[in-house]
Amino acid sequence: MTIRTRFAPSPTGYLHIGGARTALYNWMFAREHGGQFILRIEDTDQKRAVKGAVQALMDALRWMGLDWDEGPEVGGPHGPYIQSERAALYRRWADRLLADGHAYKCFCTADELKARRAAQKAARGDQGYDRRCRHLSPDEVAARERDGLPFAVRFKAPIEGVTVIPDVIRGDITVPNAQIADAVLLKSDGLPTYHLANVVDDHFMEISHILRADEWISSAPLHINLYAAFGWPHPVYAHLPLVLNPSGRGKLSKRTQAFDDGGREVLIKVEEFRDAGYLPQALNNFLANVGWAFGDDREKFPIEEAIPRFRLEDINPAPTRLPYDKLDWLNGQWIQDMEPLELARAVKPFLERQGHEVGAEALLAVAPSLRVRLKRLTDAAGFLKFLWEDGDAAPLTAGRLANNKLPGDAVRRGLQAARDYIAGAQPFDAETLGAGLTAIGEAHTTNGKAGPFLGVLRLAVTRQDVSPPVFESIVALGRERALARLDAAIALLAGQ
RNA sequence: GCCCCAUUCGUCUAGCGGCCCAGGACGCGGCCCUCUCAAGGCCGAAACAGGGGUUCGAGUCCCCUAUGGGGCACCA
C-alpha cells in the first residue's frame, strides 16, 4: 500500500504551531515510507476565510522545509486541492447519499436550531440536533421544496449500537451510536461541511493515514459511518495529542493565554517563531520531541535522522504543553553548530530589521563567540551593542576603570601599552591581539594575571561590563575605533 | 448534563510484568574551568494521581475514584 498523508488546514490566517506539528508528523510519516504528503485547503466556510492566508500557510510550511507532493502550486493527479473548487463533487455525493436513504433534507433554520439548542441546554438535556426533519414524510418534504424553502442535507446516523474507531495511538475507541449526531453534510449554501468534504476528499485523494489532532476524535465515529454509507474503506486513524497552553489549561491559544508564568509572550504562529530568531531545524527538532521521542536519550537531532525511527505507535497520547525553555536551549545548540559564516549570514537580516547595519568583517569577527552565546538570532543585537553605541551612550568614569589589582597608575600605563600595541598589531586579528595584550596585562597586575587588566580593557574599549571576548571585540570594532576609545579612556585617567 | 481521551520529576519525556529503591533532557541550585557573559565538565534536589484487584512479582494489565483535556455548530 502506498502511504499517503495530508495536512488540511483551513485558511483562517496563519500556521498555528500545533498545526505545524501535525503537518510535520504527516510529512515525516509519508517521507519515511516513500509515500506522498498532500496539502489541501479546507475553505468551505467562506465566513472564516482570510485573504492571503493560503499564501501565509504555504510560506510557513516551506520555511519549515515541509514540501508537499500534491497541493496548491504543485498540482497533482487528484486536484484541485482547494475545497471551494470542488463543490460540485461534494454535491454529487450528497445526492447519492440522499438517493440511497443515508441522508435527508433538513429545513430547520439556523435561528430555530439555535433556539432549540438553548432550550436543551437550559433543560440540561441531551445536546445536538433533535432529528425532527429525519421523520418528515415524502409529502411533507415535497411540500417544503415546492415552497422553495432552503434546506441542508443531514446524515442519517445510526441510532442503535456502537461505532469503533481503530486508532493506531490509542487502540480501539468505542462510542455509542446514540452520541452521533445527524450532522449537516451540505449546508444550505450548497457547500459541504468539513465532515462531508474531508471524507470525500480523503477517499478520492487516496489518503491512507489520517494523522490529526485529538480534538477530532469526537467526530471520527461520524466519519467512519460516512465511509460505510458510501461503501468505502476508511483510512487508518492516528489522533495526535493536543497542544495545551503553558498553564496546562485549554488548547494553546493566545485568546486563553498570551503570556506564560514567567511573563514571556506565548508564541503561537510559526511566523512568530521565525521572527523571534528560531531556526527551522531547531523548531522541527523541538516539535518532533513533543509527543514523540527520538530514543537513545538523544534530544538534539536533525529531522532527517528522526524520519526512519518515527513510528505512530510510539506517539504519546497524553495532551502536552510546549516546553518553550527547551526550545531556547535547543535553538542555542543548533546555533552552536553553525559555521561562523553561516551564522553571520543568518544574523545579518535580524540586525538590519532592528536598525543596525553591521559590516561583514565585524560580524565574522564575533561570529565564533556569538555562536556559543545566542539562544535566538534576535539576541545578537544585545551582544553587539558596543559596536554602535559610542562613549556618549554609556558614560565611562575613572572610578569604573579602577581595579585593586592594578594600583596606582597601572591602569593608565596598561591601557597606554595596549593602545600602542593595538596600533601596530600585525595581522590585526584576535590571535595576535590576544598574545600581546595578555602579556601586557600580566605585566601590569599585582598578581601577574592578565584577567583583571582584560576586564579594564574591555570596559575601556566596549564601554560595557559584559561583551564578547575582548580581543574579538577589538577586531570587530576596527583598529581606528578601538584606538579612539582607548585614547578617550586614557585621557579620562590622565585628567583626574 | 452527556460522550470520548488522557494521567511518570515544575516542564518535555524513557519505560510496553521482573533489567526501575524509575533513566534522559530543559529549567533550578552548587562546584570546576574562565578576560566578563556564555559555552563546556562534574555534582545535587525533584515523579510512577489515589484506592482496589490480577500475578510469585505492577510504573507497566483490569476496575473504581479524582483530576486535566476534548467534543456535543448549516466552524474546521
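Below, chain A is the first sequence line, B the second, and so on; all start at residue 1.
Here E42(A) pairs with R40(A) in a salt bridge; the nearest charged N to carboxylate O distance falls below 4.0 Å. Salt-bridge formation is not detected for the pair K449(A)/E442(A): no Lys NZ or Arg NE/NH1/NH2 atom is positioned less than 4.0 Å from an Asp or Glu carboxylate oxygen. Under a 4.0 Å N-O distance rule, the pair D379(A)/R376(A) qualifies as a salt bridge. Using a 4.0 Å cut-off between charged side-chain N and carboxylate O, D314(A) and R311(A) make a salt bridge. Electrostatic pairing of R116(A) and E112(A) counts as a salt bridge here, judged by a charged N lying under 4.0 Å from a carboxylate O. In summary, D43(A) and R86(A) do not engage in a salt bridge, as defined by a charged side-chain N under 4.0 Å from a carboxylate O.
The ring of W93(A) has its center closer than 6.0 angstrom to the ring center of F204(A). Between Y194(A) and H223(A), the ring center distance clears the sub-6.0 Å criterion. Between Y25(A) and F310(A), the distance from one ring center to the other falls under 6.0 angstrom.
Rounded to whole Å, the distance from CZ on R48(A) to P on A73(B) is 15 Å. If you take CG of L222(A) and C1' of C3(B), they are 14 Å apart, rounded to a whole angstrom. Spacing between atom CD of Q46(A) and atom C1' of C75(B) amounts to 12 Å, rounded to whole angstrom units. One interatomic measurement links the two molecules: CG of D297(A) to P of C12(B), which rounds to 18 Å at whole-angstrom precision.
With hydrogens and angles disregarded, no donor-acceptor distance shorter than 3.5 Å links the side chain of N285(A) to the backbone of Q281(A). Remark: the backbone N or O of A450(A) is not paired with any side-chain donor or acceptor of T438(A) at under 3.5 angstrom.
A sub-4.0 Å separation between OP1 or OP2 of A76(B) and a side-chain N or O of K187(A) is present. A close approach under 4.0 Å does occur between a side-chain nitrogen or oxygen of R249(A) and OP1 or OP2 of G68(B). Within the 4.0 Å cut-off from OP1 or OP2 of C74(B), not a single side-chain nitrogen or oxygen of T193(A) is found. Taking side-chain N and O atoms only, K251(A) has a distance below 4.0 Å to OP1 or OP2 of G71(B).
On the C1' atoms, A39(B) is 11 Å away from U34(B), given to the nearest whole Å. The separation of U60(B) from C21(B), taken at their P atoms, amounts to 15 Å, rounded to a whole angstrom. Across G50(B) and U67(B), the matching P atoms stand 15 Å from one another, rounded to whole Å. For the P atoms, the distance from U65(B) to C3(B) is 12 Å, rounded to whole Å. Taking atom P on both C32(B) and U13(B), the two are 36 Å apart, rounded to the nearest angstrom. Remark: the separation of the C1' atoms in U54(B) and C12(B) is 33 Å, to the nearest Å. Taking the P atom of each, G1(B) and C20(B) are spaced 44 Å apart, rounded to whole Å. Taking the C1' atoms as reference points, C19(B) lies 14 Å from G59(B), given to the whole Å.
Using Watson-Crick or G-U wobble geometry with both donor-acceptor distances under 3.5 Å, G40(B) finds its partner in C32(B). In this structure, C2(B) and G71(B) make a Watson-Crick or G-U wobble pair, each of the two defining distances being under 3.5 angstrom. Pairing partner, C21(B): none, since no Watson-Crick or wobble contact has both distances short of 3.5 Å. Nucleotide U55(B) has no partner under the Watson-Crick or G-U criteria, as no pair reaches both atom distances under 3.5 Å. When both pairing distances are held under 3.5 Å, A66(B) makes a Watson-Crick or G-U pair with U7(B).
Using a 4.0 Å heavy-atom cutoff across all strands shown, T44(A) reaches sugar-phosphate atoms only and no base atom. Residue A293(A) is classed as a sugar-phosphate contact, given heavy-atom separations below 4.0 Å to backbone atoms only. Counting any heavy atom pair closer than 4.0 Å across all strands shown, S188(A) reaches a base atom. Using a 4.0 Å heavy-atom distance criterion, G291(A) is classed as a sugar-phosphate-only contact. Residue-level contact check: W292(A) touches neither bases nor backbone, having no heavy atom under 4.0 Å from any strand. Within the nucleic acid shown, K114(A) has no heavy atom closer than 4.0 Å to any nucleic acid atom.
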Heavy atoms under 4.0 Å is the rule here; annotate nucleotides 29-39 of chain B 5' to 3' with B where the base is hit, S where only the sugar-phosphate is, and - elsewhere.
-> ------BBBBS
Given protein heavy atoms under 4.0 Å, the one-letter contact record of nucleotides 4-10 of chain B, with B base, S sugar-phosphate only and - none, is simply SSSS---
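Judged by the 6.0 Å and 45° rule, R309(A) forms a cation-pi pair with F294(A).
Residues of residues 148-164 of chain A that place a heavy atom closer than 4.0 Å to RNA chain B, in numerical order, are A152(A), R154(A).
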